[in-house]
Amino acid sequence: MSKVITSRQEDYSQWYNDLVIKGSLADYSAVRGCMVIKPYGFALWEKMRDQLDKMFKDTGHVNAYFPLFIPKSFLSKEAAHVEGFAKECAVVTHYRLKKDPNGDGVIVDPEAKLEEELIIRPTSETIIWNTYKTWIQSYRDLPLLVNQWANVVRWEMRTRLFLRTAEFLWQEGHTAHATSEEAVAESVQMLNIYAEFAEKYMAMPVIKGVKTESERFAGAIETYCIEALMQDGKALQAGTSHFLGQNFAKAFDVKFSDKDNKLDYVWATSWGVSTRLVGALVMAHSDDDGLILPPRIAPIQAVIVPIYKGNEKKELLDAKAKQLEKELKDAGVSVKLDDNDNSRPGWKFAEYEMKGVPVRIAIGLRDLENNTVEVARRDTKEKKNISTDGFAASITKLLEDIQQQMYDKALAYRAQHITKTDDWNDFVKLLDEKGGFIAAHWDGTAETEEAIKEKTKATIRCIPLNNPQEAGKCILTGKPSSQRVLFARAY
RNA sequence: CGGGGCGUAGCGUAGCCCGGUUAUCGCGCCUGGUUUGGGACCAGGAGGUCGCAAGUUCGAAUCUUGCCGCCCCGACCA
């Protein structure tokens, strides 16, 4: 027993850390607040990235790359934007080091001070809109649909692996449109893509909604979001899509001529998801034995473990295992045959459970005689023997079932954790004892939202899209309200 | 930045209160052998600036002071 995971009940935070570290997703690094994404964790991110990238391209977007550095003056051009990010920007002030004349090390060369300091991008709206100014002249240049995969830096006071690190990987889409309607439609389209990705691939149900003014992206007119629910009852924002109006076009003077040769500012969107999704995936599904990964995102979908006694029929067994591996590969399953002789089957079983591999296939001498294998699924721990006739089809079907059942389970959990209440004491009690989303009336003011946050640490996660309208009274102030909004404590 | 915890081999730790041979144990690692249907066993072996620095002392992992780093909780945020 070399790897022990803290149970969720004992310490949820520690459980999460254990999973990330012991599941080989990431390591702490020598840099405060930054992590090393290990190969297995990166493979997971790559699976997400590749799928999202395909979905972006299928909707007409193209990839590009903009600089890591942003001139300081750019950031101040959009007032709300600078306000939102100023507190967490890393700044480059010099471009050279030199030998320390008083010691062995190096020091910043005071002679090499930059004329204008550079900000490490916390997001790229400014550098991109500064560039778009030169790309856009006419309505024929629109829409401009660009995405970039990049790293960004936000100097957070307190960090958590994947959920909040000083540097993280993400994609940021930045689009320009001729009309407001078209830009809004783009924001909603991307929100739908995120939701589809979360639900179909990550098996993680999400609620689509809009943010209140105080939770809105700095510089946006409207922020759309998908909100997911974690197993400890806390909400997690899994993706955002912003309708930016003409704010950045005005700040960077990006105008276009329409068909009637009239000049107008262009309309913008931006949208992003990050490596935070890895953290969401971990917390949405996993258990006290390790990760549980949905088949469509799992780097390894099935692992084959041969079990032998000495060298008896070992060649036959090896041949059979290789044949099964090939059958799965041919069927498009990402499979690993673990015939490493250094660790024994029991160790391998535990290890692949830790890593969340959806399906484990064990084959031994008994199976060889019976033309069977033992198949174990990670999500339910269920084991059964199946025939090797139609093997690949059985496994493919099983992977689909697991994907579906993981989603259904998460959906059922969420359904049980959206609670309506109209009573303040009940509201507080629900937050403390049950968790999850609480659907309650709100008078629509930022003051009330802030007061609720101070009293309960719960924030308005979103106002769901197509939210039913219903007359009621604000949960805190009793003032009239026209709809319920979703409150939760959040990551 | 405040509160709490911690720093001893790759990982997890004992020893510290009450200073005294060669710093404990487990896992992992290396060599050889036996094993393999739920984290194997035997034998041998390698591996240490006890977080860093100064001080007290004949003598410091242990006492004193300062510093550094990490984790958890809170304020900030995705």
Side-chain angles (χ1 to χ4, degrees), chain A residues 1-6 10-18 20-22 27-35 83-89 122-123 152-170 172 194 211 214-218 223 225-228 235-242 271-280 289-290 305-312 314 317 338-354 360-368 370 372-376 381 383 385 453-454 457 459 461 490-491:
Chain A
M1 297 293 280
S2 59
K3 292 180 175 176
V4 180
I5 299 175
T6 307
E10 188 185 336
D11 185 341
Y12 192 86
S13 294
Q14 194 53 46
W15 167 78
Y16 173 78
N17 287 338
D18 284 354
V20 171
I21 299 294
K22 291 171 182 169
D27 263 342
Y28 293 107
S29 75
V31 186
R32 177 208 276 277
C34 296
M35 64 176 172
E83 174 87 7
F85 287 105
K87 285 169 295 188
E88 50 194 46
C89 286
T123 179
V152 288
V153 169
R154 296 181 188 175
W155 214 265
E156 300 290 348
M157 290 178 183
R158 190 166 156 228
T159 57
R160 297 197 64 188
L161 295 167
F162 287 111
L163 298 175
R164 180 168 297 109
T165 46
E167 179 191 10
F168 57 94
L169 306 184
W170 77 344
E172 47 180 326
Y194 289 156
K211 287 292 188 189
S214 50
E215 295 277 327
R216 200 175 286 157
F217 175 73
T223 288
C225 62
I226 51 172
E227 292 285 328
L236 185 141
Q237 179 176 301
T240 52
S241 176
H242 315 289
W271 27 274
V273 295
S274 71
T275 37
R276 185 178 226 210
L277 287 178
V278 176
D289 294 319
V305 179
I307 297 162
Y308 39 86
K309 295 198 186 300
N311 281 324
E312 186 190 349
K314 184 155 186 312
L317 193 61
D338 188 348
D339 54 5
N340 184 344
D341 194 33
N342 293 331
S343 30
R344 298 169 75 241
W347 190 90
K348 291 178 183 174
F349 291 177
E351 187 63 17
Y352 291 111
E353 275 166 17
M354 175 80 75
R360 181 187 73 230
I361 297 143
I363 177 163
L365 294 182
R366 284 207 300 271
D367 297 305
L368 221 47
N370 303 333
T372 57
V373 290
E374 182 197 77
V375 174
K381 292 284 190 73
K383 284 194 274 198
N385 294 302
K453 185 179 176 184
E454 266 183 33
K457 303 210 189 315
T459 49
R461 299 321 301 156
Y491 279 97

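This is a predicted model, so every value here is computed, not measured. Numbers restart at 1 for each chain; the letters A, B, ... are given by sequence-line order, proteins then strands.
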### Task
For RNA chain B, produce a single dot-bracket line, 5' to 3'. Pairs: Watson-Crick or G-U wobble, both distances under 3.5 Å. Symbols: ( ) within strand, [ ] crossing, | other strand, . unpaired.
(((((((..(((.......[....))).((((((.....)))))).....(((((..]....))))))))))))....

### Query
What is the distance, rounded to the nearest whole Å, between atom CG of A:Leu161 and atom P of B:rA78?
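Between P of B:rA78 and CG of A:Leu161: 20 Å.
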
### Task
Could you tell me the separation between the CD atom of A:Glu156 and the P atom of B:rG74, rounded to a whole number of Å?
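After rounding, the gap between these two atoms is 15 Å.
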
### Query
Using a cut-off of less than 4.0 Å, is there contact between a side-chain N or O of A:Arg32 and OP1 or OP2 of B:rC70?
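Yes.
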
### Query
Taking only side-chain nitrogens and oxygens of A:Asn17, does any of them come within less than 4.0 Å of OP1 or OP2 of B:rC72?
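A:Asn17 to B:rC72 OP1/OP2: side-chain N or O found under 4.0 Å.
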
### Message
Using the P atom as the point on both nucleotides, what is the distance between B:rC50 and B:rA61, in whole Å?
### Response
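Straight-line distance between the two P atoms is 7 Å.
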
### Query
Roughly how far apart, to the nearest Å, are B:rA60 and B:rU21 at atom C1'?
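After rounding to an integer number of Å, I get 15 Å for this pair.
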
### A:Thr459 side chain to A:Arg461 side chain, donor-acceptor N/O pair below 3.5 angstrom
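Yes - a donor-acceptor pair under 3.5 Å links their side chains.
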
### Message
Less than 3.5 Å apart, any donor N or O on the side chain of A:Tyr308 or A:Asp341 sitting next to an acceptor on the other?
### Response
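Yes.
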
Check nucleotides 33-38 of chain B for protein N or O atoms closer than 3.5 Å to its own N or O atoms and list the pairs.
residue: B:rU36; atom: O4'; partner: A:Arg344; partner atom: NH2; Å: 3.4
residue: B:rU36; atom: O2'; partner: A:Tyr308; partner atom: O; Å: 2.9
residue: B:rG37; atom: OP1; partner: A:Arg344; partner atom: NH2; Å: 3.1
residue: B:rG37; atom: O6; partner: A:Gly364; partner atom: N; Å: 3.4
residue: B:rG37; atom: O6; partner: A:Gly364; partner atom: O; Å: 3.4
residue: B:rG37; atom: O6; partner: A:Leu365; partner atom: N; Å: 3.2
residue: B:rG37; atom: O6; partner: A:Arg366; partner atom: N; Å: 2.9
residue: B:rG37; atom: O6; partner: A:Asp367; partner atom: N; Å: 3.2
residue: B:rG37; atom: O6; partner: A:Asp367; partner atom: OD2; Å: 3.3
residue: B:rG37; atom: N1; partner: A:Asp367; partner atom: OD2; Å: 2.4
residue: B:rG37; atom: N2; partner: A:Asp367; partner atom: OD2; Å: 3.3
residue: B:rG38; atom: N7; partner: A:Lys383; partner atom: NZ; Å: 2.9
residue: B:rG38; atom: O6; partner: A:Glu353; partner atom: OE2; Å: 3.4
residue: B:rG38; atom: O6; partner: A:Arg360; partner atom: NH1; Å: 3.3
residue: B:rG38; atom: O6; partner: A:Arg360; partner atom: NH2; Å: 2.7
residue: B:rG38; atom: N1; partner: A:Glu353; partner atom: OE2; Å: 2.6
residue: B:rG38; atom: N2; partner: A:Glu353; partner atom: OE1; Å: 2.7
residue: B:rG38; atom: N2; partner: A:Glu353; partner atom: OE2; Å: 3.3

### Query
What residues form a side chain to side chain contact (heavy atoms under 4.5 Å, CB included) with A:Ser29, not counting sequence neighbours?
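With sequence neighbours excluded, A:Ser29 shows a side chain to side chain contact (heavy atoms under 4.5 Å, CB included) to A:Val31, A:Cys34, A:Val36, given in chain and number order.
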
### Message
Looking at every heavy atom in both A:Asn340 and A:Lys348, which two are closest together, and how far apart are they?
### Response
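Of all heavy-atom pairs spanning A:Asn340 and A:Lys348, the closest is O-NZ, 2.8 Å.
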
### Message
salt bridge (charged side-chain N to carboxylate O under 4.0 Å, His left out) for A:Arg360 and A:Glu351? Distances and angles first, verdict last.
### Response
CA-CA 11 Å; A:Arg360 181 187 73 230; A:Glu351 187 63 17; over 6 Å; no

### Query
What does A:Phe217 touch in the nucleic acid at a heavy-atom separation under 4.0 angstrom: a base, only the sugar-phosphate, or nothing?
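The answer is nothing, as A:Phe217 stays clear of every strand by at least 4.0 Å.
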
